[in-house]
Amino acid sequence: MNRTRLTTAAAATAAAVLAAGCSADGAGVGGADGEPRRGGTLRLLGAADVDHLDTASVYSPNGTALMRAISRQLVTFPTTKDEKDAIGLVPDLATEVPRPADSRTFSFTIREGATWDAGESGRQITGADVERGFKRLCNPVVPSAGASYYIDAIEGMRAFCDGFGKVAKNVTAIREYVEKNDITGIVTKGEREVTFRLTAPMGDFTNLLALVSASPAPAESLDHLPDSPDYRRTVVSSGPYRVSDYRADQKIVLDRNPAWKAASDPLRKAYVDRIEITFGATQDSVMQQLQAGTVDLPWDTVVPPALLPGLAAAKDDRLLIVKTGATEPYLAINLRSPNNGKALSKLKVRQALAYAVDKKAVLQVQGGATVGQIQNQLFVSTLIGSEPFDPYPTPGHRGDPDKARALLAEAGHPDGLTLKLPYRTKDQYPQVAQALQAGLAKAGITLKLIPVTPNDYYGEWLTNDAAQTSGRWDIAPAGWAPDAPGTSHRTVYDPLIRKPSVTGSYNYGSYSNPKADALADRALATSDERTAAELWNRIDRMVMSDVPLIPIAVRNQALYRGANTAGVVANSLSKWPDWTQLWLKK
């Protein structure tokens, strides 16, 4: 699932940008971009290599940004400054977005002329390629992180994947299994038609098809082990660019894909001729080169916090605010903790926590009240139909210690509580922990702060079954973001709220609300966005009345662009600039 990967530096950057009056729509303010210009080399600089170059495995935001240039999906999200349009699905490889009444049978026709970079003039992308893409998600070498959305949704995919897991991890065995076995719920007709049959109604299915993991795969994808060094050197493109040079931990170079036809792709303009991505730089050096004009965009870094005051004072129009939809932080509550006589299993204790948290102070230590916005509910504004409400209002979002103390007394804890709070030893998380500690202390809740290394924080602490049940921790700052905008409520509800089928999940304490689950099933089954939105809003209020977690803030990501770039807008799926839409001024 998509635990948010935003850094606190990003939060601080966002705060300064907003304070400076810069745009929150993903584009800079001030100065005319002029008419689009074709040509030139777009230069990006960053810290680390891409996580994956195989569409089956890509899951990071910047990896998704790269895939926008070299891969296509049946449907996608457009790159636009209009926030409403940015979270609405549009056709990509498909000629239209189907909205079947039964929400179980989804049929697509692939655009004629949409081709792979294969042969002299390219090869038509087919329905068989779409099926092959889904088959590769459960390969035994590098199984897809996104596969869980489809395995039990598409008829026959669970059986196919169970068999695939038993196959030897070599090219010959993998190719033979893929070519000789089918997913019964994916049916192709002719060359360009493909139909998905689902096990149950799923109104948000098309939304999940916009993820990179839902990309078609060419026959050549079976020539090498998934995402292996050989695979990375021979990636077959379906987008306007192709990988012409890849050197691990050094660089990626993209050149124009000669087989790509603009007429078959209404979403990607592909103004620049070449894209060069260099790895191995520090956050500070990336910023220095952006300011000097020796690079054009960051690859995976945000503005260093130390530079923010000057940039904010200058109202620099090269600062870009991007809405991520990430709730960061929220206060995770370990309902399974045995501490204090299982106090956290009591509703009034959790309500007391909700009233005690000083949200404004937490935002302040992350960069200020303009870091994004206070968040009081489960679903964020990047999800269609989300209606803001505050179930536990306090004056100025500073907490209400008196109400919290009264609730604790009613719950049988008149002398307060002592709770264990682990925190990550990086960025501003120590200060976040201290702000939480100070706020809760006013309500008689003492926090014992426990420093934890970032690598251990989730795996060894928050999601660890033994850690949840042993009393190692009680509450903890955490983060989460939907995997996609629009109708992707399930990517928040299922991991955080729905009762898990396994222990040690992100649903700390195995919170269960059968009535909310039933409404969620109805919302997920309908293809009508208005009906689904109404149901999700009811669910939000129902769940938050139980306080399984405490949202605190939704963070924005702030980036910096070089002076030679124009038309720079972030895509709502990747949250990074869309290289296929921007151009260079000279």
Side-chain angles (χ1 to χ4, degrees), residues 1 56 73-75 89 94 97-108 127-140 143-167 177-178 180-189 193-217 482-484 486-502 505 507 512-529 531-532 535-536 539:
M1 292 298 177
Q73 295 73 45
L74 289 170
V75 296
L89 278 179
V97 180
R99 304 189 187 280
D102 66 356
S103 296
R104 288 190 63 165
T105 306
F106 294 81
S107 296
F108 298 86
D129 297 327
V130 173
E131 182 180 9
R132 187 181 298 108
F134 280 86
K135 288 180 178 181
R136 294 183 71 252
L137 294 183
C138 47
N139 73 81
S144 170
S148 60
Y149 291 133
Y150 317 107
I151 287 177
D152 290 317
I154 301 171
E155 288 182 6
M157 189 165 177
R158 168 64 67 180
F160 176 89
C161 290
D162 287 347
F164 209 169
K166 302 172 184 177
V167 169
Y177 185 81
V178 169
K180 291 186 177 181
N181 295 273
D182 291 322
I183 299 174
T184 57
I186 302 179
V187 181
T188 61
K189 180 181 178 181
E193 294 184 21
V194 60
T195 296
F196 295 86
R197 296 198 303 250
L198 307 186
T199 58
M202 193 170 172
D204 62 340
F205 182 68
T206 50
N207 216 60
L208 298 175
L209 293 182
L211 301 178
V212 174
S213 52
S215 302
D483 278 359
T487 58
S488 296
H489 300 73
R490 87 160 65 233
T491 67
V492 176
Y493 187 84
D494 283 2
L496 299 185
I497 303 302
R498 193 184 292 274
K499 186 173 182 178
S501 57
V502 294
S505 75
N507 178 349
S512 178
N513 189 324
K515 291 183 178 179
D517 287 351
L519 288 179
D521 290 340
R522 287 174 54 191
L524 293 169
T526 181
S527 60
D528 183 82
E529 288 184 357
T531 299
L535 289 169
W536 287 121
I539 292 165

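- Taking CZ of Arg158 as the reference point, atom CD1 of Ile183 lies at 12.0 Å (rounded to 0.5 Å).
- No side-chain donor-acceptor contact under 3.5 Å links Tyr149 to the backbone of Thr491.
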Stepwise side-chain contact (heavy atoms from CB on, under 4.5 Å) check, Leu524 with Tyr493: CA-CA 11 Å; Leu524 293 169; Tyr493 187 84; over 6 Å; no

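- Nearest approach of Ala532 to Thr526, heavy atoms of both residues: CB-CG2, 3.7 Å.
- Interatomic distance, CG of Asn513 versus CZ of Arg498, reported as 10.5 Å (0.5 Å rounding).
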Quiz: residues 195-203 side-chain donor-acceptor pairs under 3.5 angstrom, not counting sequence neighbours:
residue : atom : partner : partner atom : Å
Thr195  : OG1  : Ser107  : OG           : 2.8
Arg197  : NE   : Glu155  : OE1          : 3.4
Arg197  : NH2  : Thr184  : O            : 3.1
Thr199  : OG1  : Asp152  : O            : 2.8
Thr199  : OG1  : Ala153  : O            : 3.4

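- One distance of note links CZ of Phe134 with CD1 of Ile154; it measures 4.5 Å at 0.5 Å rounding.
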Stepwise side-chain contact (heavy atoms from CB on, under 4.5 Å) check, Asp182 with Phe160: CA-CA 7 Å; Asp182 291 322; Phe160 176 89; over 6 Å; no

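- Closest of all the heavy-atom pairs between Pro140 and Val167 is CG-O, 3.8 Å.
- Across every non-hydrogen atom of Arg490 and Leu208, the tightest pair is NE-CD1, 4.0 Å.
- Shortest non-hydrogen contact noted between Thr487 and Asp204 is O-CB, 3.4 Å.
- Looking at heavy atoms from C-beta onward, Phe205 lies out of side-chain contact with Ser103 at the 4.5 angstrom threshold.
- At a threshold of 4.0 Å, the pair Arg99-Asp528 does not count as salt-bridged, since none of the basic side-chain nitrogens sits closer than that to a carboxylate oxygen.
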Ser213 vs Tyr150, side-chain contact (heavy atoms from CB on, under 4.5 Å): CA-CA, chis, key distance, verdict: CA-CA 10 Å; Ser213 52; Tyr150 317 107; 3.4 Å; yes

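- Between Asn207 and Ser488, the side chains place a donor N or O and an acceptor N or O closer than 3.5 Å (distance only, hydrogens not considered).
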side-chain contact (heavy atoms from CB on, under 4.5 Å) evaluation trace for Val178 with Phe164: CA-CA 8 Å; Val178 169; Phe164 209 169; 3.7 Å; yes

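- To the nearest 0.5 Å, atoms CZ (Arg132) and OG1 (Thr188) are separated by 10.5 Å.
- Considering OG of Ser215 and CG of Asp129, their distance stands at 11.5 Å, rounded to 0.5 Å.
- Looking at Trp536 and Leu519, their side chains never come closer than 4.5 Å, going by heavy atoms from C-beta outward.
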